Structure formats: C-alpha cells, structure tokens
Number of protein chains: 2
Amino acid sequence: MTRGVLLDLAGVIYDGETAIPGGVDAVARLRQAGLAVRFVSNTTRSSKQTVLQHLEALGLTVTKADVFTPAHAAREWLLRNGRAPYLLVHPGLEPDFLELPVRDKRAVIVGDAGEAFTYTVLNDAFRELNAGAELLALATNRTFRDADGGLSLDAGPFVTALEYASLKRATVLGKPSQAFFLSALASMNCPPDQVIMVGDDAEADIAGALRAGISSALLVRTGKYRQGDEKRFDPRPTATVADLAAAADWIIARRD
Amino acid sequence: MTRGVLLDLAGVIYDGETAIPGGVDAVARLRQAGLAVRFVSNTTRSSKQTVLQHLEALGLTVTKADVFTPAHAAREWLLRNGRAPYLLVHPGLEPDFLELPVRDKRAVIVGDAGEAFTYTVLNDAFRELNAGAELLALATNRTFRDADGGLSLDAGPFVTALEYASLKRATVLGKPSQAFFLSALASMNCPPDQVIMVGDDAEADIAGALRAGISSALLVRTGKYRQGDEKRFDPRPTATVADLAAAADWIIARRD
C-alpha cells in the first residue's frame, strides 16, 4: 500500500523557469488520491525561500515543511555539531546560512557553486580542511542539465576533488544520503515501504532512494534523463515513465 | 648493486627559484661515483626547455635526454594514439604541445593548471569527455608546496573531479605511472632492482617507484615533506633522510 510520494523538483516539476507539462496537475491528482506529497531537492543554487516562491509561481500550494533541501539539513548539522560554516556555495544559497551562532571550529560546505568554483576558493577550502575543518557535501550529483540543454558539472566533482586532496570523506547531506530521505519520510509519518520516489537522476534519486529502503522509485524521461540511464546505476528504477504525469498515473493505478 | 639514481626535482633539488643546500653537489657526487642519474619530475607548470634552463642556472649540467616530464610522455601518447590535445594545463606548459598534427579525435590533458582551473574551463573539458575525448592526467599529485610555504591543490584533485563527472578513468602519464618510471630506467639501460629513487612525495615518488618495481626509494625531509609522511602511504620508503645530500651519502655508502 502506498501512502506517500517523494518528488524531485528540477527536471521533474520544472526545467529552469518553465513548468514541465502536466507536472503541477499531477501533484494535485496525487494529493486528491489521498497521498502525502513531499519535495526532496538537491538544487543548491536557490535558497528554500526562492524554491517556495518558484513553486507558488507555477501554481503549486506548498508549505515550508513540505520541501526538503540539503542546505536546511546542513544548517541543522551545524547547530547540532557546534561548527561555523565555510561556504563554497552558489550566492543564491547564502540566505539559508544567515544568523548562525559564532563557533571556533568550522565545516566546509560544498554546494553547486557554479562559476564561484575558482582555484583560489577551492584551495582556501582545502587549507581549511587541512587545518581541521570537517567536509560537508550538500549533494554529490555528477551533473545537472544546464540552461543550454547540455550537461554541466554539479557539486559532486568538486566534493570529490576536495576529498582526494584532503584525504577526508565528506558527510553527504542531500540525496542519496539515507538520512535525507528518512527525514522526509518522518514528516509524512510513513515507513519506507509505503513510499514511492519520483526523479530524473538515476543515481541520486532512484538508486539512492532504493538503497535508503524506499520500496519503489520511478525514473522520468524529463530533465537530465539520457537514454540508457535506467541501466547505468544499481539498483535500477522500479519503472521508467515519460514524465511526472505518467508517474502519477502509475502510482494511482497501483496504490493499493 | 646500484647503477642508477632517479631524482625528483621540485622539493629535492630546488624549492621554487632557490637551490636546496647541497643538492647540486650531491648530483655531482653521485655521478663521480659512476652512477647514472636521471630526473623524473611531475612539475607541470614549466616546459621542458624551462626546466633545463632552471637546472643550468643552478649549475647542473643536464641534457634534454636526462629529464623526464609528463608533458613529454603525453606528447608521445598523442602521436602514438592519433589524437589532438584539449589542454587544461598551466600556460607555461603550452610550448611542449606545439606543432602536433591535426586530428579529429581528442584527448583532454590535465596538468597543474593553477588559476586556469575555472568552472567554465573544467566544464568545457567535461563536455569534451562526454563527446568522446579520452582523459590523460599529466600527474595525480594531491598537493604541492606553494610559494607561501603552504600546501596547495595540484593536478590530482581536478583529474579526480573530471573522472567522477565523466565516469571515465584517466590514463596517468607522470609519476606514479609505472610506464613513466620504466621509460627513465630504459634510458639508463638499468633493470628496476639496480635503481634508487629519491623524492619528497611519499605517494607519487616513493610508493609509486616501489610499486613500479624499483628496489629502493628514499624520502627526503625537504620540499612538501610533512612530519609523518613516511607512514602515510604504502609501500613505505626504504629510508627517510634529511635531504638530497644525505640521500647521496646513503646511496654511495651502500652502492655495492
């Protein structure tokens, strides 16, 4: 029996500024079918506030508690572990890290910083790590679908570079971290075997969710999806469908 | 019986523009003792011509054939494999890649590009890889000792980033590649068990040489050496000595 659905955002509900056809309506149909819906996004170029505004502009009704972002998880980690952030993130994400208490110890936080990934900034972050800072990865995605339609480097390659240089392992806060999926499940009061994940990233969304114990994961052929992705990572998707509209059909047809 | 010696350059013979005390004299003593000497450098910020001029300025007599650099190995790889280079290297290295034949297929060549590692350039290189280019690493060193005395990011972290993003494995041309060590041995007509390597990098120089079959490797406490380096990587150095002068003493005392 399915009681909850986790949805990725970029590449599933929207591509850049544009809604993916049928996506907003699919969310409404899932909710009308009595399913709890949460949004689990690895996008680390926008603050949570910006993500919420974007979803509202598309016509989706969402509360702050419906959306799970790695930056929010990182903020909670910093408070829990008593560390100040050394940010290697996109400027758009900085609002999520305001007004944290002053601490001596630090944690380097790596997101999808884009053009802000310069040699100097990466080297400074490496020196922080060498001086005792911890390494937090908001996400480990290899690539994202860029504005020009091509794939571009996401946060993952830069996390790997810093791990290699510092001989430290990053704590991953976004997908595919099990803790990240589980925090979304907890908010729905659903065990993993009553939840379905829908995403366009065969690795972070699909293999990640299945490895976290979620029973089913649907790969959509929108966003960053490339032919053959369903066979590229293990575990493989429960099913591969055209888009979120088709995913909603699949879920509603099999919900009991 | 020892017949040949391989010497690293930066951190062993010189630090930046400055000669390490006793280094040039140590090379002369090794040669006077009848040992063949070759220089195996992973420095990828200077062309071979510049390296030779630098050594001459320090008072060392060296020929082109005495010095082995990853760029030279890369040039030979390109000619052998019929590929044109897509260079992600320091501007100082570009002279080593002039006048290569025009080819359709490409190879991304990653060196220690320093400030030239921008997001845009790394992303362009990733897209070349995604379009079918091969990945060549001039070196995989994690760090080097920078002008300010601190450790800075070398080529390795950026090679790892591109491997992670493209799901391709780099062909490594400099140390610790076995082929690189063996090409230097071949020029001396020495089998690996008659050669000693001296370097300041416990991983690329020492563990690399020993893994390539070279019988002994001496770690010097100059250059990038940090306390405890001798215990950080396997196999561990045959001995750890103060500097190249002490290494020459060690080698000459045990040469038979």
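Residue numbering restarts at 1 for every chain, and letters A, B, ... go by the order of the sequence lines. Bear in mind the structure is a predicted one, so any value in this text is a computation, not a measurement.
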Side chain proximity check, [X] to [Y], heavy atoms < 4.5 angstrom:
X: A:E163; Y: B:T160; value: no
X: A:T118; Y: B:Y119; value: no
X: A:F126; Y: B:T143; value: yes

Could you have a look at B:A113, B:G114, B:G156, B:G150 and say which one has the most heavy-atom pairs with chain A under 4.5 angstrom? B:G114
Is chain B contacted by the side chain of [X], its backbone, both, or neither, given a heavy-atom distance below 4.5 Å?
X: A:S152; value: both
X: A:N123; value: both
X: A:S166; value: neither
X: A:L122; value: both

Count the heavy atoms belonging to other residues, nucleotides or ligands that lie under 6.0 Å from CZ of A:R169, then report whether that count exceeds 12. no
Can you establish whether the number of heavy atoms outside A:D104 located under 6.0 Å from its atom CG is more than 12?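 At most 12 heavy atoms, drawn from other residues, nucleotides or ligands, come within 6.0 Å of this atom.
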Under a 3.5 Å distance rule, please check whether B:Y164 uses its side chain to pair with a backbone N or O of A:V159 as donor and acceptor. no
Look up atom CZ in A:R127 and atom CG in B:L151, then write down how far apart they are to the nearest 0.5 Å.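 Answer rounded to 0.5 Å: 7.5 Å.
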Please find the pair of heavy atoms, one from A:A161 and one from B:A161, that lie closest to each other, and give the distance. CB-CB, 4.2 Å
Examine whether an atom of B:D124 lies under 4.5 Å from a heavy atom of chain A, and if so say whether it belongs to the side chain, the backbone or both; otherwise answer neither.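 For B:D124, no heavy atom lies under 4.5 Å from chain A.
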So, the part of B:F117 with a heavy atom under 4.5 Å from chain A: the answer is both
